[in-house]
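What follows is a set of notes on a single structure, which appears directly below.
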Amino acid sequence: MKTKILSAFALILSFAGFAQSEKVNFSEEFKKENQGKSTVEVNEVKELLTIMLAITDFGLGNDDMFEQRGDYYQRVLKQFKLYKDEPIIKTMDFSFNKESA
């Protein structure tokens with residue numbers, strides 16, 4: 001059972017690495033409107049996996065991994081910390097604690 005869960009987790013991580021492969025051509029108008037601006041977009045799967053890691057005991061105890069003083073982090077904890085005892089979160093925590101030992 002543990003092997004199946006870890007295999008599923010590895011499969012999810014492998015899909016999270018896909019990126020856009022086609023060349024993008026921006027119009028001159030778009031370039032002009034957006035010159036000097038930047039945005040950051042995080043794939044939902046990557047964000048969910050990061051949130052899952054953040055609510056593990058390993059993640060909660062590792063302030064080098066997450067900026068724990070930020071507003072976003074506090075909102076994430078408020079919203080998701082009640083799920084920290086879910087089996088998948090416990091499995092992730094076990095895996096990371098085992099690796100760091």
Side-chain angles (χ1 to χ4, degrees):
M1 179 68 168
K2 182 172 69 170
T3 303
K4 288 181 183 179
I5 292 172
L6 292 176
S7 296
F9 182 64
L11 181 63
I12 290 170
L13 286 177
S14 68
F15 283 117
F18 284 94
Q20 182 172 329
S21 60
E22 297 178 26
K23 185 174 181 175
V24 178
N25 293 310
F26 296 108
S27 69
E28 291 303 316
E29 179 183 354
F30 180 87
K31 290 177 190 179
K32 185 177 178 181
E33 288 177 14
N34 293 284
Q35 183 68 35
K37 297 178 184 176
S38 60
T39 59
V40 177
E41 295 183 22
V42 178
N43 176 295
E44 292 90 352
V45 174
K46 289 181 182 180
E47 184 175 25
L48 179 59
L49 289 170
T50 302
I51 290 169
M52 292 168 67
L53 179 56
I55 63 174
T56 63
D57 289 334
F58 181 82
L60 290 167
N62 191 339
D63 63 354
D64 289 337
M65 186 175 290
F66 301 103
E67 174 54 59
Q68 296 180 345
R69 293 171 288 165
D71 181 52
Y72 177 75
Y73 181 83
Q74 297 305 317
R75 289 193 329 258
V76 164
L77 288 185
K78 184 177 180 182
Q79 180 79 25
F80 294 100
K81 195 171 177 182
L82 62 126
Y83 299 104
K84 79 182 283 314
D85 292 324
E86 291 292 320
I88 187 66
I89 305 301
K90 292 292 186 185
T91 300
M92 286 179 74
D93 192 44
F94 174 79
S95 296
F96 282 100
N97 279 314
K98 182 179 175 186
E99 301 261 338
S100 66

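Numbering of residues begins at 1 and proceeds along the displayed sequence. These values consider heavy atoms only, across backbone and side chains, with no hydrogens, waters or symmetry-generated copies.
When side chains are defined from C-beta on, Leu49 counts as touching Val45, because their heavy atoms get closer than 4.5 Å. The shortest distance between side-chain heavy atoms of Leu60 and Lys81 falls below 4.5 Å. Put simply, the side chain of Met65 reaches to within 4.5 Å of the side chain of Phe58, judged on heavy atoms. When side chains are defined from C-beta on, Thr50 counts as touching Phe66, because their heavy atoms get closer than 4.5 Å. For the pair Leu48 and Met52, the minimum side-chain heavy-atom distance is below 4.5 Å.
No path of Ile, Leu, Val, Met, Phe, Trp and Tyr side chains, each step under 4.5 Å between heavy atoms, connects Val40 with Tyr72, placing them in separate hydrophobic clusters. Under a hydrophobic-cluster definition in which Ile, Leu, Val, Met, Phe, Trp and Tyr are linked whenever side-chain heavy atoms come within less than 4.5 Å, directly or via other members, Phe80 and Val42 are assigned to different clusters.
Atom OG1 of Thr56 sits about 14.0 Å away from atom CD of Glu86, to the nearest 0.5 Å. Note that CG of Asp63 is 9.0 Å distant from OH of Tyr73, once rounded to the nearest 0.5 Å.
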Full working for salt bridge (charged side-chain N to carboxylate O under 4.0 Å, His left out) between Lys32 and Glu29: CA-CA 5 Å; Lys32 185 177 178 181; Glu29 179 183 354; over 6 Å; no
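Within a 6.0 Å radius of CD in Gln35, no more than 12 heavy atoms belonging to other residues, nucleotides or ligands are found.
Side-chain atoms of Gln74 come within 3.5 Å of backbone N or O of Gln68 as a donor-acceptor pair.
With sequence neighbours left out, Lys90 forms a salt bridge (Lys or Arg N to Asp or Glu O under 4.0 Å) with Asp85.
Look at Asp57 and Lys84 and you find a salt bridge, because one of the NZ, NE, NH1 or NH2 atoms lies within 4.0 Å of a carboxylate O, short of that distance.
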